[in-house]
Amino acid sequence: MKIVIIGGVAAGASCAARLRRLDENAEIIVLERGPYISYANCGLPYHVGNVIPDQDDLLLMDPELMDLRYNVDVRVNSTATAIDRSRKTVHVRTPQREYDESYDHLLIATGSSPIRPNIPGIDSPGIYSLWTVPDTEKIKAIVDQTHPKTAAVIGGGFIGLEMAENLVQRGVHVDLIEAENQVMRTLDPEMAAVVENELERNNVTLHLEERVTDFHQEAPAAGSASPQGPVTITTESGKQFTVDMVILSVGTRPNGELAKAAGLKVNSRGGIIVDRSLRTEDPFIWAAGDVIEVEQRISGQKVMIPLAGPANKQGRLAADNIIGLSRILSGGAPGGFSESSGSQGDYGRRGSDSRSSASHPLLKEYPGSLGTSIAKVFGLSAASTGLTERQVLDRGLRKNRDFYTLVVNQKSHAGYYPGACSLFLKLIFDDRGRILGAQCVGPEGVDKRIDTVAAAACMGGTVHNLTELELAYAPPYSSAKDPVNMAGFCAENVLEGMTAFVSPAECDEMTGANRALFLDVRTPGELAQWSYPGGVNIPLEQLRSRAGELPRDRVIITSCRIGVRAYVACRILRQLGFQDVRVLEGSMEFYTASHRD
């Protein structure tokens, strides 16, 4: 059997290695249009910033080692230009020649590419995208050799934020220009605001809701070390920025042109449409990685999720199905095999929630993706999984009826152990307690919490399951009630009608319209540090005796420093007959951390 893989990075390399582990006799060819395979593209910004000084550390596998270790024929600088489905061949162009390569099975793992909008001047020499190792080599050489003083990063997604940080660490002043009203669309606005404040604390100048309309390359100054002059950027609002270099990071598009030209179905963005076994409508052509459309595991909607983790898993699963289907079609036993022994076994058994593939009942299925992701932004980590509140609203669900949100403000580990820091964990859940999504921002422990919630969501878990999780505890690592447990407890309180939460933005809107009274239950000493404009202060210890000072015909929003006393105050007032008492999410620490001037 001969298998050709187009694309040698995440999905393609993963598939090739798995194929060899499953079948020692298969002929496996990888066609990669660039000079490198299996490199750590997520680490590229950190090479520019000298956090990873040696580029070789980013190269996980080279063609020679792939051949020696896996007996895979890797052909770099080899571009697949056409697929002839009737002849089952791929037309390949190299710097030396062009030829046709036949296949029994074909995997398209062509990935995605950075978007370059049709903006005048965008192809000027001083404007760069970061996506491949050669891109990184070019940008790093400019920074190393010309020592730019200023740069503009266009786009506030993962790569944009990581490049902003690494350029700052190289002594470059960064203007970050974002067309939307926030950075990191994987976060809701109040969580993204915490990241935005961190950027500005580290001297990144943030320009939100600024859409670039023009780039103009100036001539280099006399005696300049740079081979090109500065770039002047003009935005829709009329602002102008003149910088030494520009990094574009405005999103990606799937490299689906090859599949489309071959008559395979693609979506409106060019993503290849596959079934749950990752097979296209052509029974001998499969696809995996950034180039395919997948199912969002929570909503069931078809989406594009260009992340390395899902791509690697998809490549592995495609290999399983290519080998499994070949054995089925060749008359082998309809069971499968064990990787360790090669014997027939439990092939295709996925668990209690398995659904049979439309193409063959014994093929393994890709269950879809949550889109779990994380980014480092100076001293913070910001992570998310599942749906954002905005995405839930876009589906037509109503907040505080069909679904709920909350933010807990907890310490990364036991507060009495040195070094504890605040984590903000947002949980989104429906009226049955099903986890719809989560976001977490903080200096440490963020990955642990978002991964825990993601694992629960993958298993179809509810907020009740979060309360039941028995998580590792020792003072340097966590608290006896982990932040994930606390989020579950708070969610149960919401579902049981014991409390309700309001976001900082909702709080401002309600108090500004005089529909709500802000009640601060901190001590006078704490109040002296910062107080909510127009708020009323009654320390929690005095609340029972002074509750008569509060109106009963308005919403009361309780707040303290982190939220515990605010919840206690809410319960006191509700049991004293106050009908509508709510708690400020994350209380004052979160309010101030997410407040943008």
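Worth knowing before you read on, the calculation uses all heavy atoms, side chains too, and leaves out hydrogens, waters and symmetry mates. In this chain, numbering begins with 1 at the start of the sequence shown.
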Checking side-chain contact (heavy atoms from CB on, under 4.5 Å) for the pair Phe403/Leu393: CA distance, chi angles, key distance, verdict? CA-CA 9 Å; Phe403 78 98; Leu393 288 168; 3.7 Å; yes
How about OH on Tyr417, more than 12 heavy atoms from neighbouring residues, nucleotides or ligands closer than 6.0 Å, or not? no
Evaluate side-chain contact (heavy atoms from CB on, under 4.5 Å) for Leu248 paired with Arg116, printing each intermediate quantity in order. CA-CA 8 Å; Leu248 289 177; Arg116 292 183 72 88; 3.7 Å; yes
Suppose we screen for side-chain contact (heavy atoms from CB on, under 4.5 Å). Which residues come up paired with Ser373, at least two apart in sequence or across chains? Phe158, Thr186, Leu307, Ser384
Test log, rule side-chain hydrogen bond (donor to acceptor under 3.5 Å, both in side chains), inputs Thr499 and Asn493: CA-CA 6 Å; Thr499 192; Asn493 288 340; over 6 Å; no
Determine, step by step, whether Tyr567 and Thr558 satisfy the side-chain hydrogen bond (donor to acceptor under 3.5 Å, both in side chains) criterion, reporting the C-alpha distance in whole Å, the side-chain angles of both residues, the deciding distance to 0.1 Å, and the verdict. CA-CA 7 Å; Tyr567 171 64; Thr558 63; over 6 Å; no
Would the number of heavy atoms belonging to other residues, nucleotides or ligands and lying under 6.0 Å from CZ of Phe578 be above 12? yes
Decide, yes or no, whether a salt bridge links Arg269 with Glu293 under the criterion of side-chain N to carboxylate O below 4.0 Å. no
Assess whether atom CD of Glu496 is packed by more than 12 heavy atoms of other residues, nucleotides or ligands within 6.0 Å. yes
Please assess Ser559 against Phe518 for the test side-chain contact (heavy atoms from CB on, under 4.5 Å), listing each intermediate value before the final yes or no. CA-CA 8 Å; Ser559 177; Phe518 188 92; 3.4 Å; yes
Atom CE of Met498: over 12 foreign heavy atoms under 6.0 Å: yes
State plainly whether the residues Lys399 and Glu506 are in salt-bridge range, i.e. N to O under 4.0 Å. yes
Just wondering, more than 12 heavy atoms not from Lys302 lying within 6.0 Å of its NZ? yes
How far apart are the C-alpha atoms of Met304 and Arg253, what are their side-chain angles, what is the distance that settles it, and do they pass the side-chain contact (heavy atoms from CB on, under 4.5 Å) test? CA-CA 9 Å; Met304 304 296 298; Arg253 59 168 182 79; over 6 Å; no
Is it true that Arg565 and Glu526 make a salt bridge, defined as a side-chain N closer than 4.0 Å to a carboxylate O? yes
On the six-membered ring of Phe501, is Arg582 placed so that its NZ or CZ lies under 6.0 angstrom from the centre and within 45° of the ring axis? no
Is it true that, when you exclude Arg596 itself, more than 12 heavy atoms of the residues, nucleotides or ligands shown sit nearer than 6.0 Å to its CZ? yes
Modelled atom types, side-chain donor and acceptor of Glu200 and Thr205, under 3.5 Å: no
Any side-chain donor near an acceptor of the partner, Glu492 and His464, under 3.5 Å: yes
Which is it for Glu585 and Lys426 under the salt bridge (charged side-chain N to carboxylate O under 4.0 Å, His left out) test, yes or no, and what are the steps along the way? CA-CA 9 Å; Glu585 291 180 337; Lys426 179 171 183 174; 5.7 Å; no
Keeping Asn197 on the side-chain end and Val194 on the backbone end, is there a donor-acceptor pair under 3.5 Å? no
Can a salt bridge be assigned to the pair Glu162 and Lys376 using a cut-off of 4.0 Å between side-chain N and carboxylate O? no
Step by step, work out the salt bridge (charged side-chain N to carboxylate O under 4.0 Å, His left out) result for Arg401 and Asp431. CA-CA 7 Å; Arg401 290 192 62 180; Asp431 54 359; over 6 Å; no
Would you say Arg395 has more than 12 foreign heavy atoms packed within less than 6.0 Å of its CZ? yes
Between Arg554 and Asp580, is the closest basic N to carboxylate O distance under 4.0 Å? no
Ring geometry between Tyr591 and Trp530 (parallel below 30°, tilted from 30 to 60°, perpendicular above 60°): tilted
Counting heavy atoms not belonging to Gln542, are there more than 12 under 6.0 Å from its CD? yes
